[in-house]
Structures are given as structure tokens and as C-alpha cells.
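Report on the following structure.
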Amino acid sequence: MERVTIDVVSDVVCPWCYLGKARLELAIAEVQDEVGVDVNWRPYRLNPDYPPEGVDQQQALIAKLGGAEAVERAHAMLSKLGEEVGIRYDFDAIKIGPNTLDAHRLLHWALVEDREVQDRVATALFKANFEEGRNVGDQTVLLDIAEECGLERKVIESLLASDADKDTVLGEIEAAQKMGVNGVPFFILDGQYAVSGAQTPEVLVNALREIAQMKAEARKGMI
């Protein structure tokens, strides 16, 4: 069985990224008997200028999307798409638009453990923000999530209290932007093929099968 690595560039406060994650999981489930898939979560910040304490989420969205009606329309569409893949968006519960640098540091440390732990943390962060209205910029919330996902609370607490890996995360974001990533989610397959946006499971299934087939043919050519 061929293996394909997917680097998902995303932000935990991006509703399309949460949708993209759920759709990717459906795609992986569909090809699980044909293709092995390894997923890495890579950082991106939609709102790098937000202060550490965050901003008023509703006001920020109204300013960004051009009015309350535009926000309502966007939320209605996302809620409908979310229902199709088992996401229960609760946009009204989100009071704080957070700075996500610490959340990305937590994801970075989770990957040091292994991909499974990182995926658990990514899921918990998305769920906390979009379904539970928890502030994922708050270090106590991040510590609770870390502990729930099997990380050592005291270790993460001392890391969060320091500047550990801030430069690493910011460097990764900068590298992604230099590659041309200017919106998320952005899927990089095997380091060379790009799929942009929260594509349907079918699009992702086709991409995974095509890459696996190319790898299998390349392997045959080498024998």
C-alpha cells in the first residue's frame, strides 16, 4: 500500500478549516484500504494582529465581512455544510476572537509526541472554538485541552509561560506564505501537490488515489 503525507495548513479559528478537516477524514476513511495517509497540521494565522487577550468576535466579523447580514449569511451556509459532516457550529457562543499563536505552539508540541496526539489536539481546538465557544487564546483552556489529549499539563504550562517555539511557528507560517499560501485550508500532498480550500471528500479521494497510483507506477519503473 502506498502512503501519502498531507500537510494541512490551517488556523483553528477558520470555520472552513474545521469543515476541511471533517471532509478530509471522510476521504481518508474511503481510501483506507488502498492508500495510507499521514496528516500533519501546519500553522497559519488569519488574524496575526489580534492582541494576546483577543478581540470582540462579533464586532471583528462585522467589520471584516461588511455588516451583520453578511455575517449571518456566512454562518447560515457554514452551519448547513457543517451539519452534513457532523459539525455543530455555534457561532453565537464565540465571544472572543483569539490570537492563535499559543494554540499553534500547542499543536507543534503535540506533533513532537506523534501525529495521533496532534490530530486529537487539532480536533479539540476546533471543537472548543466552534462548538463550545471556549477561548482558544486563553492558556488555561489550552492547558485543559492538552491534558484531555494526553499531554503533560505541567510541561505544557512551563512551555506556554516561555517563548518556546514562537519563532518556529512564525517561521513555518512565513514559509507557507512564500510558497503562495494566502488562504486556508491548504492541503500539500507529498510535499509537491497542492489542493486549496475545503474541498469535497470526492476531490480529496481522487487526489489521494492519483498520487498513490503515480507512486506505485514510479516504484515499478525503478524495479
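Residues: numbered from 1 along the sequence shown.
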Could you give me the CA-CA distance, side-chain angles and deciding distance for Asp119 and Trp41, then say whether side-chain contact (heavy atoms from CB on, under 4.5 Å) is met? CA-CA 7 Å; Asp119 197 68; Trp41 291 92; 3.0 Å; yes
For side-chain contact (heavy atoms from CB on, under 4.5 Å), just list the numbers for Ile96 and Asp138, CA-CA rounded to whole Å, side-chain angles, deciding distance to a tenth of an Å, and then say yes or no. CA-CA 10 Å; Ile96 302 291; Asp138 183 292; over 6 Å; no
Please test Cys14 against Tyr44 for side-chain contact (heavy atoms from CB on, under 4.5 Å), starting from the C-alpha separation and ending with a verdict. CA-CA 10 Å; Cys14 162; Tyr44 194 86; over 6 Å; no
Decide side-chain contact (heavy atoms from CB on, under 4.5 Å) for Asp144 and Arg153; before the verdict, give the C-alpha distance in whole Å, the side-chain angles of both, and the deciding distance to 0.1 Å. CA-CA 8 Å; Asp144 290 345; Arg153 188 183 184 101; 2.8 Å; yes
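The two atoms that bring Ala22 and Ile87 nearest to each other are CB-CD1, 3.9 Å, heavy atoms only. The two residues Asn129 and Val12 have their closest heavy-atom pair at ND2-O, 3.9 Å. Considering every non-hydrogen atom in both Val39 and Arg115, the closest pair reads O-CD, 3.5 Å. The nearest pair of heavy atoms linking Leu204 to Ala27 is CB-CB, 3.7 Å. Closest approach of Gln58 to Ile94, counting heavy atoms only: NE2-O, 3.7 Å. Between Leu125 and Ala103, the shortest heavy-atom distance links the atoms CD1-O, 4.0 Å.
Under a 3.5 Å cut-off, the side chain of Lys215 and the backbone N or O of Arg3 do form a donor-acceptor pair. At distances below 3.5 Å, at least one donor-acceptor pair connects side-chain atoms of Arg23 with backbone N or O atoms of Ala198. Without hydrogens or angle criteria, Gln118 side chain to Leu107 main chain gives a donor-acceptor distance under 3.5 Å. For Asp190 (side chain) and Gln192 (main-chain N/O), no donor-acceptor pair under 3.5 Å exists by modelled atom type. A donor-acceptor pair under 3.5 Å is formed between the side chain of Arg105 and the backbone N or O of Leu159. Judged by distance alone, the side chain of Arg42 and the main-chain N or O of Asp7 form no donor-acceptor pair under 3.5 Å.
Phe91 and Tyr50 fall into different hydrophobic clusters, where Ile, Leu, Val, Met, Phe, Trp and Tyr residues are linked whenever their side-chain heavy atoms come under 4.5 Å apart, directly or through other members. Cluster membership for Ile145 and Leu101, using ILVMFWY side-chain heavy atoms within less than 4.5 angstrom, is not shared. Cluster membership check: Tyr193 does not share its hydrophobic cluster with Ile188, using side-chain heavy-atom separations under 4.5 Å among Ile, Leu, Val, Met, Phe, Trp and Tyr. Each of Val9 and Leu208 belongs to its own hydrophobic cluster when Ile, Leu, Val, Met, Phe, Trp and Tyr are linked at side-chain heavy-atom distances under 4.5 angstrom. Tracing side-chain contacts under 4.5 Å through hydrophobic residues (I, L, V, M, F, W, Y), one never reaches Tyr18 starting from Val184; they form parts of separate clusters.
Note: Ile173 CD1 to Thr168 OG1 = 11.0 Å, rounded to the nearest 0.5 Å. Separating the CG atom in Asp33 from the CE atom in Met1 is a distance of 6.5 Å, to the nearest 0.5 Å. Here CG of Asp102 is found 11.5 Å from CG of Asp165. Values are rounded to the nearest 0.5 Å. Separating the OG1 atom in Thr200 from the CD atom in Glu202 is a distance of 4.5 Å, to the nearest 0.5 Å. We find the OH-NZ distance between Tyr89 and Lys80 to be 13.5 Å, quoted to the nearest 0.5 Å.
Under a cut-off of 6.0 angstrom, the local environment of CZ in Arg88 is sparse, with at most 12 non-hydrogen atoms contributed by other residues, nucleotides or ligands. The neighbour count for Asp167 CG, taken as heavy atoms of other residues, nucleotides or ligands under 6.0 Å away, does not exceed 12. Within a 6.0 Å radius of CD in Glu84, more than 12 heavy atoms belonging to other residues, nucleotides or ligands are found.
For the pair Lys21 and Val8, the minimum side-chain heavy-atom distance is 4.5 Å or more. Side-chain contact between Asn47 and Lys64: present, with at least one pair of heavy atoms (C-beta onward) separated by less than 4.5 Å.
Side-chain contact check for His104 and Asp11: at least one donor-acceptor pair (N or O, by modelled atom type) lies under 3.5 Å.
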